[in-house]
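Working notes, beginning with the structure itself.
Counting begins at 1 with the first residue of the sequence. Remember, it's a predicted structure, so these values are computed and weren't measured experimentally.
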Amino acid sequence: MKHAPDPLELVGALQIAPRASWRQLSQVLGASPLMLAQQWQRLTDRGLAWCTAVPFGRNRPGTLTFVAVRCLPEHRDRLTEEAIAIPEIVSIEEPARHWDLIFTVLTPDFESYLESLNERISKLPGITRYETIICTRVHFDGHEWRLGSLDHTARQQLVQLARTDTSATPPPLRDGDRELTPYLHRDGRATVADIAESLGTHPSTISRRMQRLLLSGKVTLRCDLAPELLGQPISSQWFCWLSPEQHTAAAAALRSFPNLRFCASTTGETNFTFVLWVRTPEEIFEAERRLIEHIPGFSIAESSITVRFIKRMGWRLDERGRRTGEPVSPVFVG
C-alpha cells in the first residue's frame, strides 16, 4: 500500500466510480481505505473536491439555456446573490468579454423558461440587457470530463466497478425515488444508511430507490474540483459558426482534446460553442490552430476566458473556485 494517496488520482477515480467503496478504491489505487477516506475528507473540508448529483444523464431531460447579462456595477453584488438563490440557474460565471455574467439555466422545457425564468431574470436588480442562447444539442458535458490522472489498467478496473446495464430499458421511477436527489446533490457519496435515517425509511428501501434513480439516466453523479487542485488552469470558451452538417464532426474532433469541458450546438449569432481548460494562453492559440487545420470551414467568431466561477451546478464557489456554503439544489426534471 502507498503511504499516502495522490489527490488527483483519488479525484480521477471518483470521476469514474463515484460511489465505489473505500475498500474497492483501495484495491485500485494502492492506498488503504482509511487513508483514502481521510484524504477525501480533507479535500471536501477545504472545498477542493466534491461529489454531487447533477440533473443530466443518458436521457438528458429539460432545456439548457445560457443567459448573458449586463448590469449596473452598483447592483452587481445584489444581482449575483439573488441569482445564486434561483434553483433553475445552476451555474454562474464571470467572463472576460462584453457581458458581465453568464447564467446556465435548466428548465423542464423552453416554455417553462419563457413562462417563469425569463421574467424573473429580467427583474433582477440592475440588469440593463440580457441575451438568451438555447442549447439545441449538447455534445459533451462536464460530467463526462476526466482528469487523465490514472493509467489504463486502473481506469478499466474503475469502469467495471461503476458498470451498469445501459442497454436495458431503465426501470420506471416510482413515488419517492426523486426525493433522494437533494441528498445526492449535497453529497454524491452519502451512504444508504444515512439517507434512510434522514428519511425515516429502511436502508433496503433507499437502496432500491437509489438503484432505480441512477439507472434511469435522468441523474448523474459527478466528481468536481476547484481549479487550484489542477494548478489554476484557464477556462477558455469559443463561439463559432459551422454549417449544420459539420457539428457532429467538430464535436468528435473536440473529444480528442483531454481538456474538453463542454461542447454544444446553440441558437444565436453563433451556433457552436465549446470550453477547454488550458494551462497557458499559448494553448488557446494551439487549440484554435488544430481545429482550423482539422475541420474545413471552421470559423471562430469569438473566444473568451472565465475570470471567475461563482456558482457551479448548484454550489456557491469562492473567489478561488472552491466549494463553499450551502447548496441550492437544481431542479431535477424528467
* To do: Using the salt bridge (Lys or Arg N to Asp or Glu O under 4.0 Å) rule, take Glu93 and Arg312 through it: C-alpha gap first, then chi angles, then the decisive distance, then the call.
  => CA-CA 8 Å; Glu93 60 188 82; Arg312 182 186 296 153; over 6 Å; no
* Asked: Any side-chain donor paired with an acceptor under 3.5 Å for Glu288 and Trp238?
  -> yes
* Structure fact -> Output for pair (Ser198 OG, Tyr183 OH), nearest 0.5 Å, gives 5.0 Å
* To do: Write down the atom of Leu29, the atom of Leu150, and the distance for their closest heavy-atom approach.
  => CD2-CD2, 3.7 Å
* Asked: More than 12 heavy atoms of other residues, nucleotides or ligands under 6.0 Å from CD of Glu111: is that the case?
  -> no
* Residue Gln211 excluded, over 12 heavy atoms near CD under 6.0 Å -> no
* Hey, are Gln237 and Thr273 close enough side-chain-wise for a donor-acceptor pair under 3.5 Å? -> yes
* Counting heavy atoms not belonging to Arg155, are there more than 12 under 6.0 Å from its CZ? -> yes
* Mind listing the closest non-hydrogen atom pair of Asp224 and Arg222 along with its distance? => OD2-NH2, 2.9 Å
* Asked: Distance only, no hydrogens: is a donor on one side chain within 3.5 Å (strictly under) of an acceptor on the other, for Thr80 and Asp77?
  -> no
* Establish, yes or no, whether a centroid distance under 6.0 Å links the rings of Phe262 and Phe66. => yes
* Answer whether the closest heavy-atom distance between the side chains of Leu43 and Val11 falls below 4.5 Å. => yes
* Look only at the side chain of Arg19 and the backbone of Ala190, and say whether a donor-acceptor pair between them is shorter than 3.5 Å. => yes
* Structure fact -> In terms of heavy-atom contacts, Arg70 and Asp100 come closest through CA-OD2, 3.3 Å
* Answer with yes or no whether the side chains of Glu119 and Ser122 bring together a donor and an acceptor at under 3.5 Å. => no
* Asked: When rounded to the nearest 0.5 angstrom, what is the spacing between CD in Glu131 and NE2 in His98?
  -> 6.5 Å
* Structure fact -> In Leu64, Val67, Ile92, Ile89, the residue satisfying side-chain contact (heavy atoms from CB on, under 4.5 Å) with Thr104 is Leu64
* **Cation-pi, Trp315 ring and Arg186 (6.0 angstrom, 45 degrees)** => no
* **Note, Thr132 side chain near Val105 side chain (heavy atom, < 4.5 Å)** => no
* Asked: Should we say atom CG of Asp45 is surrounded by more than 12 heavy atoms from elsewhere, each under 6.0 Å from it?
  -> yes
